[in-house]
J.: 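Quick one: this structure, given as structure tokens, is what I'll be asking you about.
Side chains included, hydrogens not; waters and symmetry mates left out as well; all remaining heavy atoms used. Chain naming here is simple, since letters A, B, ... match the order of the sequence lines and numbering starts at 1 in each.
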Amino acid sequence: MIRRILVLAIAGTLVAGTAVYAHHSFGATYNSKEQIKVEGKLVQFVFRNPHSFVYIEAPDPAGVTQRWAIEWSGAAALGGQGVNRDTLRVGDYVIVTGRPSRSPGEYRVQMLTLKRPADGLTWGNRTGEVVD
Amino acid sequence: MDFVNRTRIAGLLLLLVVAMLVNVPTFSQEGVGRQDSPTDFSGEWIVRNNEDPGQPPLGDYTGIPFNDAGRQRAETTAESIWGTPEYQCRPHSAPHQWRGVGGARFIKEIDPLTRELTAYHVQFWRSLDRPIYLDGRPHPPAWAPHSWTGFSTGKWEGNTLVVTTTHLKDGYLKRSGPQTSDMYTMTEYITRHDSLLTIFMIVDDPIYLTEPFIQSTTYQLDPSSQIRLEPCTTSFDENGGSDPHAVPHYLPGKNTFLTEWLERDNWVPAVAARGGAETTYPEYRSRPNAPPIAPLSRTAVAADRKIADQSPNDGEVHVLPVQGNVYMLVADGSNATVSVGPDGVLLVDTGSARMTDKVQAAVKQLVATVMGPAPNNCMGLNCPRIPYGWSSPFMNTIIGSPAPAKPLRYIINTSASPDHTGGNEKIAASGFFPRGGGTGAVADVGQTASVIAHENVLNRMSAPTGKQAPAPAGAWPTDTYHRSFYKLSEYFNGEPIIVYHTPAAHTDGDSIVLFRHSEVISAGNIFSTVSYPAIDLEKGGSVQGIIDGLNQILDLAVAEYRSQGGTWIVPGHGRLSDTADVASYRNMVVMIRDRVQDMIKNGRTLEQVKAARPTMDFDGRYGSNTGPWTTDMFVEAVYRSLKEKK
């Protein structure tokens, strides 16, 4: 049992250690004091380093449909969490919570959680599932 | 054996022993065959930094000797600018690079003949190779391109390598806001102490700092690891939305996040957070509101001179090879672009009238150099490129004289401005474009080069019959187009050349010219690295047209790697540039447009807008109080083109 815990701890540490250093500063890009929810149809999934992006068509506060860019972890980190390039498909209906961009007029979000109601897939609630 | 012989033999044996004693150590003694050298930096190094990692919170400018322009530039910069296509794969700016993660690799470049150390190459995580030349070469002229790592030369002071770097692109001192201009120089003192390397860096930016910014970083030798790969692919959509050309920024005074960090670090006085030279001195902590005790130093870089040198008014024509067949002529304050090759010469813009003779002489010299006799690389019966199976091609290669160079075939005018069409008449007359051949040839057709331009250029330069034209008929375009683009009917010097109309920008007749194989764009007056864009409202120009034209260049151009190089852009005035430079310039125009637009929305008059100085943080770089295009004229043109737009 102890051995299993150790293996899990080491694996967890390795996964956490694969976070890729972004060219931009998350703290400066996103407003950590606010949280928003975006839900709609997934139109593109870019699985890559240094960070992946999920694109969702969803209405803005004025009701106008926009293409939202949801910044997710890099491919290496997501791979360690069981996410791969086929995990999400174009057309999936997803619900995302995240930090909004600080820049006015942008449809850019740092992902906190993701949920796909169709099969109950979730991300963001387990240890290590953070975008950094 | 008699005594004498024995003595001789003994003497010889003694000599042999002595000789052996002398010679043996030559092969075994350490250091023989080696020479003294400054301490070697080669190897893999990792950052061992005990100070600020270079990523302060938003609004923390403590220790940065900002002037007001630098502070405003930082406060209006939005971090999501990194989500725009032209920024996504940029590496760290040079001042921050030493504190970026990934460490550094030093490689020695040794002359194989003399064994002299001729250069160090420093490599970083984001795939940059930064040569530091130690062979005494000069720095490039001011009209040469800038890069992320700049151009570095070094000299030894004892065991310390002193590196001077110029030709750096605009970037940032630290992440999260504090920006640099592209006019800064960097001096580094690199010293090795056993397994530690100290880099002492001085950044002197005359546009945004009142005195140099100084920072030191420590590295440790780590032969057990190496720099890893950091891949990057760009996307149009990192910032979401539908506008691929959107430029994130804050209007002055509208960035509400700047003091957020002081809620946590409330021991820092708000006045200190705004930076300034005085905050860099230790005694500032005890008396933040008092005048500085120590005399402040000053920037050593003369910004005005450095900027003017990119487009010198020195009465000379300077030739800069760009790429492929294409060359840039820096002609006394304005640029021309030349294609030279087997089909002849194509000239984009002809400069001002006073420079015509020198432009012609420069082109003639360029043709002689490019199309002159090539070295004889052809020997023997199997000589390549010799037709007809001639049995002794080698002889003809030696004794043959080159075919005469083909003449000037085309001139393309990017606008009707006199500084770009001034040489049209004389230079066109020196060329030849075949029009009159075949059945029914007309003697006086085709005796000049073809002069191509948008039809509004002809409208601006000519006049209907019976009226006085602004320019002589010999200077007028001979071949005009009126649609969104015009393609030369055939390849010229081995490549397609396409002329794109950029409507209502500098004027209503502007064009940019793409050399599609050489990967060069001649931008004309919509892009300048020495001034704000000239907007001639009376001739149909507008600020939005300038922005659209710059975006068109960005859509056509492709960076070679890490958002630099690749497609080269020849500005109407100033240094040779790339997509990153055009993006920075576009961003500047967009930010100023939005500021003026916001003031118009709030009912400000032109005089109120001018008084508010919407260009303040860019004036040191692009502004002027004198000359043909002042800051005041630019602000007025922006205001009027926004206010009067339909």
J.: Salt bridge check: are R108(A) and E79(B) linked by an N-O gap of less than 4.0 Å?
T.: no
J.: For the candidates N239(B), D243(B), I81(B), which exhibits the highest count of non-hydrogen atom pairs separated by less than 4.5 Å from chain A?
T.: N239(B)
J.: Measure the acute angle between the ring planes of H96(B) and H92(B), then classify it against the limits of 30° and 60° as parallel, tilted or perpendicular.
T.: perpendicular
J.: Given a strict heavy-atom distance threshold of 4.5 Å, which part of R48(A) is in contact with chain B: side chain, backbone, both, or neither?
T.: side chain
J.: What orientation do W82(B) and Y172(B) show, parallel under 30°, tilted 30 to 60°, or perpendicular over 60°?
T.: perpendicular
J.: Taking only Lys NZ, Arg NE, NH1 and NH2, and the carboxylate oxygens of Asp or Glu, determine whether R595(B) and D617(B) approach each other closer than 4.0 Å.
T.: yes
J.: For D60(A), which atoms come within 4.5 Å of any heavy atom of chain B: side chain, backbone, both, or neither?
T.: neither
J.: For chain B, which of S103(A), A69(A), G105(A), A28(A) has the most heavy-atom pairs under 4.5 Å?
T.: A28(A)
J.: Look at V109(A), I70(A), T29(A), I56(A) and state which one has the largest set of heavy-atom pairs under 4.5 Å with chain B.
T.: T29(A)
J.: What option among Q44(A), R102(A), E106(A) has the most heavy-atom pairs under 4.5 Å with chain B?
T.: R102(A)
J.: So, K169(B) and D578(B), do they make that salt bridge, N to O below 4.0 Å?
T.: yes
J.: With only heavy atoms counted, which part of Y55(A) is less than 4.5 Å from chain B, the side chain, the backbone, both or neither?
T.: side chain
J.: So for S101(A), is it side chain, backbone, both, or neither that comes closer than 4.5 Å to the heavy atoms of chain B?
T.: side chain
J.: Using a strict threshold of under 4.0 Å (side-chain N to carboxylate O), is an ion pair present between R116(A) and D119(A)?
T.: yes
